[in-house]
S.K.: 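I have a structure here, written as structure tokens, and I will follow up with some questions on it.
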Amino acid sequence: MIQAILVFNNHGKPRLVRFYQRFPEEIQQQIVRETFHLVLKRDDNICNFLEGGSLIGGSDYKLIYRHYATLYFVFCVDSSESELGILDLIQVFVETLDKCFENVCELDLIFHMDKVHYILQEVVMGGMVLETNMNEIVAQIEAQNRLEKSEGGLSAAPARAVSAVKNINLPEMPRNINIGDLSIKVPNLSQFV
Amino acid sequence: MPAPIRLRELIRTIRTARTQAEEREMIQKECAAIRSSFREEDNTYRCRNVAKLLYMHMLGYPAHFGQLECLKLIASQKFTDKRIGYLGAMLLLDERQDVHLLMTNCIKNDLNHSTQYVQGLALCTLGCMGSSEMCRDLAGEVEKLLKTSNSYLRKKAALCAVHVIRKVPELMEMFLPATKNLLNEKNHGVLHTSVVLLTEMCERSPDMLAHFRKNEKLVPQLVRILKNLIMSGYSPEHDVSGISDPFLQVRILRLLRILGRNDDDSSEAMNDILAQVATNTETSKNVGNAILYETVLTIMDIKSESGLRVLAINILGRFLLNNDKNIRYVALTSLLKTVQTDHNAVQRHRSTIVDCLKDLDVSIKRRAMELSFALVNGNNIRGMMKELLYFLDSCEPEFKADCASGIFLAAEKYAPSKRWHIDTIMRVLTTAGSYVRDDAVPNLIQLITNSVEMHAYTVQRLYKAILGDYSQQPLVQVAAWCIGEYGDLLISGQCEEEEPIQVTEDEVLDILESVLISNMSASVTRGYSLTAIMKLSTRFTCTVNRIKKVVSIYGSSIDVELQQRAVEYNALFKKYDHMRSALLERMPVMEKVTTNGPTEIVQTNGETEPAPLETKPPPSGPQPSSQANDLLDLLGGNDITPVIPTVPTSKPASAGGELLDLLGDINLTGAPTAAPAPASAPQISQPPFLLDGLSSQPLFNDITTGIPSITAYNKNGLKIEFTFERSNTNPSVTVITIQASNSTELDMTDFVFQAAVPKTFQLQLLSPSSSVVPAFNTGTITQVIKVLNPQKQQLRMRIKLTYNHKGSAMQDLAEVNNFPPQSWQ
């Protein structure tokens, strides 16, 4: 079982923090810091396995990490996971991110933290590996994104329009405009209010 | 109220902050804005606010006020809201908050939603943070989804089921019917999660495991799937670096391991496929190695045939030579696991393992070190120790303590010779002296005292070692102790093993004094040093005055421990000079203390003189005492009575006549004439009672002038009497004869008498006559105790009695204080 997935940069700033076991908030932050310090000490030509720090659970847990450019991807696992398998899993995850974000870089992770979480949710669920086929994952993510877009999304354009309209000081609509036979289709503004 | 800023804006703003304080300020401002926005119950912006909240939570700021908002988002109809709401629930909520139960209904509805992605979200949340109550309520829904044909949902449902089983193990049976068809799926995602589910069920419940083995015929199914994966050609959707779905292969291998453990039939069914995987997998990439690694672990765990096991260990050996350090690490870990069971096979790779000690990687070095210690045995100890000592020289500080302890243990177990042992210890002390554990110092000292013939060599080497550098505390402590004990050997320059060095007494004192003065010495080390200097006062001849001076200086030291020692030693010089040589004598060989019990109780039942006892006919219980009485009669009354035949029949009657004559000559009051008679007595076969212990002589003296006997113990029907004898030639020895009698109706069996005396005494217990005290006072157990009391102090003794009586074990402790003065004065 995977205990936690942490992504942080070379200075220790967290970019993705996901725990699959319950820790109080302060402990979570401490774990991130401790893991960062442990991983930073490692040279580049050293193996990617570390014994876990004291906070995260003791001797049964290992930290398996990979360093990509400015980011460290750290998976904290227990003995039921294959170490080499997890290394491959990290690779799959990063490649998926790459496909979803078109040449992913740290800024993508920073500004789209929620999307990264959604992608991770398709790969690992409840601390267990859910899907490892990259194309599958990408297809599902794209379907969900389409669903969201059709509704409006987080930063919905209609929402902005709504607030814009709300704030306009509309003069009172003249009631009796006799324009004759012209049938002008006035949009029903009420649905946006 | 202006629209809340977007997540992107917030992130951008926070990134411009230059200090932690600035960042905190911005976050607090935004939190306040979010809070007021929540209060306004604004549906449109809620998801944006929660997203921002989650970001701030990741940075480490409190976000608990968003929990209820997450629930509202989950209840909304829009997918966007639900998505962020569920994410928030997973990150912010857990089963400790009661709020989470409000989610149960929402999740239930969403599990039956028309959109599969909503269902997926619900499954995901339940599988991540569902509490046991939630799991109980919703397990039925999960089970339904496990049977659906939608593979996207099926795989999520499988993992959710794993979580449910973990939280509520009783529900495992519920999922059993659904598992029947799981392995018939084509979709690899479903296959993968199904195998995970089956693994979880098998690991949790041995019944399930048995069920799957027999009824479901799981092993053939898995073997079939694995075969398809390996044999089928290139399949683009599952290919990872040329291997078809390695993740699934690894999972299946793991499940096979659990199924095959301790089960011959299953193991046999797997042998072929395991061999196939082991030989056909390509090892150029990490994925191939991952599969091989899992295969090796499986082979080692099940009851595989020996050919397969050898294949597995060879694969591990190949891994060790691989350039990739991850592979080497993994190989070392698995070898460590198998070294217990397949020791010889692993020994073959010993040289490679020892080479790994020189690797740059810390994790690999640690594994290699542990494995090396596991591989040390009597044959390879010399070679291995050389490598390990070299490793100790060059390794990182965090290893040195463990390595030093390991070396000590290995040396103790397999040392080929004492000199080698001491050399090794010296080497460790000089290279890693400050990392040696504290308990190593007394162990080493004990070891040194035990190797008597090496004393001169040891002290010489230790002296040379600290001459150059006395900063490593354990080394200095051991050296100081040895110099104190064996300083005379050092001065005399007798050393057979090495070139003897010329050392004067002054030089030795110089080095000890510099240890005392040095700032690097710990307080404990100083104590050692001072005591050593003091001991040398009896071993050195010309420098006693210098020693006196040093000791008196430290009488006013600030360190209380040093001060106390110095003052006491001063007193030793002044008032108790006559005792000094005795007190500072050479230490005797120390017994290894294995228990933590009181070390004064001496259990030498039968240990002191086993040989003579074996040659004599074992007397039955009552005999010795009656013989003793007879003896007394003989001596007292000089009666020539037909008592003689009661003496053991191995003695012919004529010899009995000699006995009588001898005894008749004995002068009861004086010692001198008694000397020749008992000397010949042992030639005749005597009752064991007479031959025990001392040269019999004291037994004949002072019996009638009578030190009064005492009742030492009388409780619960058990009575123990002490009778005393003193020797005139050796007045500090008192011989006590105990007699234990039993006035109850049942025998006391397994009777053991133990005694302890104050430190100024020495005690020796001889073997008892038997271990059964017969009932109704029909007989007694007799045992002889010899007490050495050189200082003629008042005799006190604590006794411990253990016996079985009336079917239960009894134990009692008592103190004997009523010794008559004649027994010790």
Side-chain angles (χ1 to χ4, degrees), chain A residues 13-20 22 25-26 28-29 32 42-43 45-51 80 82-85 87-89 91-92 110-114 117-118 121-122 125-133 135-136 140 143-144 147-148 150-156 158-160 162-163, chain B residues 3 6-8 11 15 44-45 47-48 51 54-55 57-60 62 78-80 83-84 87 91 94-96 115 117 124 127-128 152 155-156 159-160 162-163 188-189 192-193 196 237-238 240 245-247 250 254 286-287 289-290 293-294 325-330 360-364:
Chain A
K13 283 204 104 41
R15 296 297 173 217
L16 180 80
V17 172
R18 189 67 201 256
F19 283 90
Y20 292 102
R22 200 57 215 170
E25 263 77 27
E26 317 81 48
Q28 283 186 9
Q29 287 300 311
V32 174
R42 310 279 288 177
D43 222 357
N45 54 356
I46 276 187
C47 74
N48 302 69
F49 309 120
L50 256 181
E51 257 69 61
S80 72
S82 156
E83 293 101 338
L84 296 177
L87 274 182
D88 282 326
L89 188 69
Q91 182 70 17
V92 164
I110 296 172
F111 281 100
H112 299 283
M113 184 199 92
D114 48 337
H117 267 287
Y118 298 147
Q121 251 166 241
E122 295 297 326
M125 184 179 124
M128 292 168 282
V129 179
L130 175 62
E131 176 67 63
T132 53
N133 185 335
N135 297 327
E136 244 326 278
Q140 284 154 14
Q144 294 184 49
L147 189 55
E148 228 190 84
S150 68
E151 282 181 359
L154 271 182
S155 40
R160 255 196 307 167
V162 167
S163 52
Chain B
R6 292 199 265 155
L7 175 61
R8 218 169 300 177
I11 298 178
R15 277 166 64 80
T44 32
Y45 297 116
C47 53
R48 190 189 287 181
L54 290 178
Y55 181 76
H57 171 81
M58 180 180 78
L59 291 180
K78 291 169 61 178
F79 178 68
T80 319
R83 223 181 180 190
I84 197 84
L87 182 62
L91 291 178
D94 69 71
E95 39 197 62
R96 285 177 304 176
T115 318
Y117 295 112
C124 187
C128 279
Y152 175 73
K155 67 185 183 192
K156 292 205 173 190
L159 285 189
C160 195
V162 174
H163 180 86
H188 279 215
H192 185 110
T193 52
V196 174
E237 36 181 66
H238 300 125
V240 179
D245 208 341
F247 295 100
V250 167
R254 192 175 278 263
N286 187 48
V287 279
N289 287 323
Y293 175 52
E294 202 66 34
K325 34 223 158 51
N326 292 330
I327 310 284
R328 281 207 297 259
Y329 175 88
V330 147
L360 292 166
D361 182 340
V362 167
S363 309
I364 290 189

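Proteins come first, then strands; the chains are lettered A, B, ... in the order of their sequence lines, and each starts at number 1. What you are looking at is a predicted structure, and each value in this text was computed from that prediction instead of being measured.
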S.K.: With a 4.5 angstrom heavy-atom cut-off, which part of A/M125 approaches chain B: side chain, backbone, both or neither?
M.R.: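 Both parts, heavy atoms under 4.5 Å.
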S.K.: Between the side chains of A/E122 and B/K155, is the shortest nitrogen-to-carboxylate-oxygen separation below 4.0 Å, so that they form an ion pair?
M.R.: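 Salt bridge absent between B/K155 and A/E122.
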S.K.: For a quick test of reading the model, state the closest non-hydrogen atom pair linking A/I110 to B/Y55 and the distance between them.
M.R.: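 Result for this residue pair: O-CE1, 4.1 Å.
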S.K.: Got a second to check how far B/T193's OG1 is from A/M128's CE, nearest 0.5 Å?
M.R.: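 That separation rounds to 10.0 Å.
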S.K.: Step by step, work out the side-chain contact (heavy atoms from CB on, under 4.5 Å) result for A/R18 and B/C128.
M.R.: CA-CA 11 Å; A/R18 189 67 201 256; B/C128 279; 3.7 Å; yes
S.K.: Can you tell me which portion of A/E26 sits under 4.5 Å from chain B's heavy atoms? Options are side chain, backbone, both or neither.
M.R.: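 For A/E26, neither part sits under 4.5 Å from chain B.
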S.K.: For B/Y117, what residues pass the ring pair (Phe, Tyr, Trp, His ring centres under 6.0 Å) criterion, not counting sequence neighbours?
M.R.: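 Checked B/Y117 against ring pair (Phe, Tyr, Trp, His ring centres under 6.0 Å); matches are B/Y152.
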S.K.: What distance separates A/N48 CG from B/N326 CG, expressed to the nearest 0.5 Å?
M.R.: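 Reported to 0.5 Å precision, the distance equals 4.0 Å.
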S.K.: Any idea which heavy atoms bring B/L87 and A/Q121 closest together, and the distance?
M.R.: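 B/L87 and A/Q121 have their closest heavy atoms at CD1-OE1, 3.4 Å.
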S.K.: Given the rule in the side-chain contact (heavy atoms from CB on, under 4.5 Å) test, do B/L7 and A/H112 qualify, once you have shown the distances and angles that lead to the verdict?
M.R.: CA-CA 9 Å; B/L7 175 61; A/H112 299 283; over 6 Å; no
S.K.: Using heavy-atom distances under 4.5 Å, tell me whether A/V129 contacts chain B through its side chain, its backbone, both, or neither.
M.R.: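 Backbone plus side chain of A/V129, per the 4.5 Å heavy-atom cut-off to chain B.
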S.K.: Counting only non-hydrogen atoms closer than 4.5 Å, does A/R42 touch chain B with its backbone (N, CA, C, O), its side chain (CB onward), both, or neither?
M.R.: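 Looking at A/R42, just its side chain touches chain B.
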S.K.: With rounding to the nearest 0.5 angstrom, report the CZ to NE2 distance, B/R83 to A/H117.
M.R.: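 Taking CZ in B/R83 and NE2 in A/H117, the distance rounds to 12.5 Å.
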S.K.: Which pair of non-hydrogen atoms, one from A/R15 and one from B/R15, has the smallest distance, and what is that distance?
M.R.: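 So the two residues come closest at NH2-NH1, 4.1 Å.
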S.K.: List the steps and the verdict of side-chain contact (heavy atoms from CB on, under 4.5 Å) for B/L54 and A/D114.
M.R.: CA-CA 8 Å; B/L54 290 178; A/D114 48 337; over 6 Å; no
S.K.: For A/G85 and B/A290, work out which heavy atoms get closest and say how close.
M.R.: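 For A/G85 and B/A290, the tightest heavy-atom pair comes out as N-CB, 4.3 Å.
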S.K.: So what's closer than 4.5 Å to chain A heavy atoms on B/R328: side chain, backbone, both or neither?
M.R.: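 Nothing of B/R328, per the 4.5 Å heavy-atom cut-off to chain A.
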S.K.: Return the CG to CG distance between A/L87 and B/N289, rounded to the nearest 0.5 Å.
M.R.: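 So the gap between those two atoms works out to 11.0 Å.
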S.K.: For a 4.5 angstrom cut-off between non-hydrogen side-chain atoms, does B/F247 reach A/V92?
M.R.: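 SC-SC contact between B/F247 and A/V92 confirmed.
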S.K.: Less than 4.5 Å apart, side chain to side chain, heavy atoms only: is that true for B/V287 and A/L84?
M.R.: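 They are not in contact (no side-chain heavy atoms under 4.5 Å apart), so the answer is no.
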S.K.: Heavy-atom distances under 4.5 Å only: say whether A/L89 touches chain B with side chain, backbone, both or neither.
M.R.: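 Answer is both: backbone and side chain atoms of A/L89 are under 4.5 Å from chain B.
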S.K.: Should B/H57 and A/E25 be marked as a side-chain contact (heavy atoms from CB on, under 4.5 Å) after you check the CA-CA gap, both sets of side-chain angles, and the distance that decides it?
M.R.: CA-CA 9 Å; B/H57 171 81; A/E25 263 77 27; 3.0 Å; yes
S.K.: What pair of heavy atoms forms the shortest contact from B/F79 to A/Q144, and how long is it?
M.R.: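 Result for this residue pair: CE2-O, 3.5 Å.
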S.K.: For the atom pair CD (A/E148) and NZ (B/K78), what is the distance rounded to the nearest 0.5 Å?
M.R.: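 Rounded to the nearest 0.5 Å, the CD-NZ separation comes out at 9.5 Å.
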S.K.: Go through B/V330, B/I364, B/T115, B/V250 and name the one with the most non-hydrogen pairs under 4.5 angstrom from chain A.
M.R.: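 The candidate making the most pairs under 4.5 Å is B/V330.
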S.K.: In terms of heavy-atom pairs under 4.5 Å, which option from A/L147, A/L16, A/V17 contacts chain B the most?
M.R.: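 Ranked by contacts with chain B, first place is A/L147.
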S.K.: Would you mind telling me which of B/G189, B/P62, B/C124, B/G127 has the largest number of heavy-atom pairs within less than 4.5 Å of chain A?
M.R.: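 Counting heavy-atom pairs under 4.5 Å, the top option is B/C124.
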S.K.: Side chain, backbone, both or neither: which part of A/E136 has a heavy atom under 4.5 Å from chain B?
M.R.: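 Side chain of A/E136 only, per the 4.5 Å heavy-atom cut-off to chain B.
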S.K.: Can you tell me how far the NZ atom of B/K156 sits from the CG atom of A/L130, to the nearest 0.5 Å?
M.R.: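 Going from NZ on B/K156 over to CG on A/L130, the span is 6.0 Å.
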S.K.: So, using ring pair (Phe, Tyr, Trp, His ring centres under 6.0 Å) as the criterion, who are the partners of A/F49 when residues are at least two apart?
M.R.: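 Partners of A/F49 by the ring pair (Phe, Tyr, Trp, His ring centres under 6.0 Å) criterion, ordered by chain and then number, come out as B/Y329.
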